[in-house]
Number of protein chains: 2
Amino acid sequence: MKRLSGTREKIFDVAIDMFSRHGYNGVSVRKIAYGAGIKESSIYNHFRNKEDILNHIFDCFQEGMQAQKPDQKELEYEIEFMAPREIFRLLFIKYVKNRTSRIDKMALIILMEQYINQKARNFVKEFMLKEPADYYEAILRTMAAKGKIRDDTDLRIAAEELNYGFMGIILDLLVAVQEGGDHTVVIQKLSDHVDFVFERLEKQG
Amino acid sequence: MKRLSGTREKIFDVAIDMFSRHGYNGVSVRKIAYGAGIKESSIYNHFRNKEDILNHIFDCFQEGMQAQKPDQKELEYEIEFMAPREIFRLLFIKYVKNRTSRIDKMALIILMEQYINQKARNFVKEFMLKEPADYYEAILRTMAAKGKIRDDTDLRIAAEELNYGFMGIILDLLVAVQEGGDHTVVIQKLSDHVDFVFERLEKQG
DNA sequence: GTCTATAGCTAGATAGAC
DNA sequence: GTCTATCTAGCTATAGAC
């Protein structure tokens, strides 16, 4: 993460918080500045303009996504010795536990902006739809190659099914957290989701 | 549907179109007026204020959702004589085919506003999450009672699985349509989704 | 890097003539 | 029901003193 001066970081934090609650167009530079305890014009010593803040959010979110990619070595070990459904349960629950309030807020901003802003839309497509599904598909293929799951299934579709449910549950979580709730229910939901899919994928008998 | 004067309808149409592309906060009353071919102040002869337009969108969306509820008698007939998976395939494809550009745009507006506007959020929860899942669950229970699907499954979870995939695919569709695409791919995706779930639910052998 | 001051514009909304 | 005119408030952004 690029080093930020105290003020710049403060502005950024306040902006993320306000954007996530009122949308990018619902927050003025003025309000961000006052929220950060400085005058409006001082913002421009830290960000070129309002859009520059949004772009920084995109960059920061991307870094966050890259950073929390699961360890590949660890995963291979898991595939060898754990039940298939346990691996995905762990994967999903790890995501939920490793979330920070910052990542939640950035995700919300990007989800809101996706229909307006091309860059946001690309982020959703890449980091919330394609990349996760690709990743799940790769894991499933490894599992199938090792004979851990049935091999008569379209694993791309299975990967997308895993991601549909995961995304649905995480969206729920983001809303719940925004409203002051917690993530206990979500763990159960993720577990049920994984179970449902793997009842389908695991070998019968 | 309440009768609208020509101008009011024109304003409403333009507003839906602009809100769906730029968000509620990204469109001014002025721009809507000019888009509708009238002066800004004339808007206020048709809507009390900007928010009144948004509320009318909510009302109109709700009417649209109620209106396209599937026929109950027809459904019972289908459950008796069609394969379980065909019923859901039909249900989902009917939705896709019956969509209008207006409904798509209103859905997009509500999806965008859900994190900002409490009323929008309630709409999403009620009409996109809870009500569809309840409906699917009821159908599945009827199927199970008639011995058409396995009875060793939590049907609430199955109903939610059906809805996660459906919502994910529909969201994809809304984006694709906004970008000028069509819905041919989507029909296949919905079909794959239903197949995946019913491989799990239908009786073995 | 912070501030004051201000430019220049756009916003939502109203008053009142026709 | 439409218009012109106008109000007030808010907006992004810059200039320049400290």
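Note on naming: letters A, B, ... go to the chains in the order of the sequence lines (proteins, then strands), and numbering restarts at 1 for each one.
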Quiz item: Can you tell me how far P of C:dG12 sits from OH of B:Tyr24, to the nearest Å?
Solution: 8 Å
Exercise. Return each pair, listed once, that meets side chain to side chain donor-acceptor pair (under 3.5 Å) where at least one residue sits in residues 174-184 of chain A; pairs must be two or more places apart or across chains.
Key: A:Gln178-B:Arg121, A:Glu179-B:Arg121, A:Glu179-B:Lys125, A:Asp182-A:Thr184
Quiz item: Roughly how many Å is it from OH in B:Tyr34 to P in C:dT10, rounded to a whole number?
Solution: 11 Å
Quiz prompt | Results of salt bridge (Lys or Arg N to Asp or Glu O under 4.0 Å) for A:Glu76 - residues two or more places apart only | solution = none
Quiz item: Between A:Ile43 (CD1) and C:dC3 (P), how many Å, whole number?
Solution: 11 Å
Quiz prompt | Proximity of A:His56 and A:Phe12 rings by center, below 6.0 Å | solution = yes
Quiz item: Between D:dC3 atom P and B:His46 atom NE2, what is the distance in whole Å?
Solution: 9 Å
Between protein and nucleotides 9-13 of chain D, what N or O pairs are separated by less than 3.5 Å?
from	atom 1	to	atom 2	distance (Å)
D:dC11	OP1	A:Ser28	OG	2.9
D:dC11	N4	A:Arg30	NH2	3.3
D:dT12	OP1	A:Val29	N	3.3
D:dT12	OP1	A:Lys50	NZ	3.4
D:dT12	OP2	A:Val29	N	2.7
D:dT12	O4	A:Arg30	NH2	3.3
D:dA13	OP2	A:Tyr44	OH	3.4
D:dA13	OP2	A:Lys50	N	3.0

Practice problem: Whole angstrom is fine here: how far is it from CD in A:Glu9 over to C1' in C:dG1? | Solution: 17 Å
Exercise. May I have all residue pairs that pass side chain to side chain donor-acceptor pair (under 3.5 Å) and include part of residues 10-27 of chain A, sequence neighbours excluded?
Key: A:Asp13-A:Arg102, A:Asp17-A:Arg21, A:Asp17-A:Lys105
Exercise. Go through the structure and list residues passing salt bridge (Lys or Arg N to Asp or Glu O under 4.0 Å) with A:Asp154, not counting sequence neighbours.
Key: none
Quiz item: Who passes salt bridge (Lys or Arg N to Asp or Glu O under 4.0 Å) against B:Asp192, sequence neighbours left out?
Solution: none
Practice problem: To the nearest Å, give me how far apart NZ (A:Lys10) and C1' (C:dG1) are. | Solution: 17 Å
Practice problem: State whether B:Ser42 places a side-chain N or O below 4.0 Å from either non-bridging phosphate oxygen (OP1 or OP2) of D:dC3. | Solution: yes
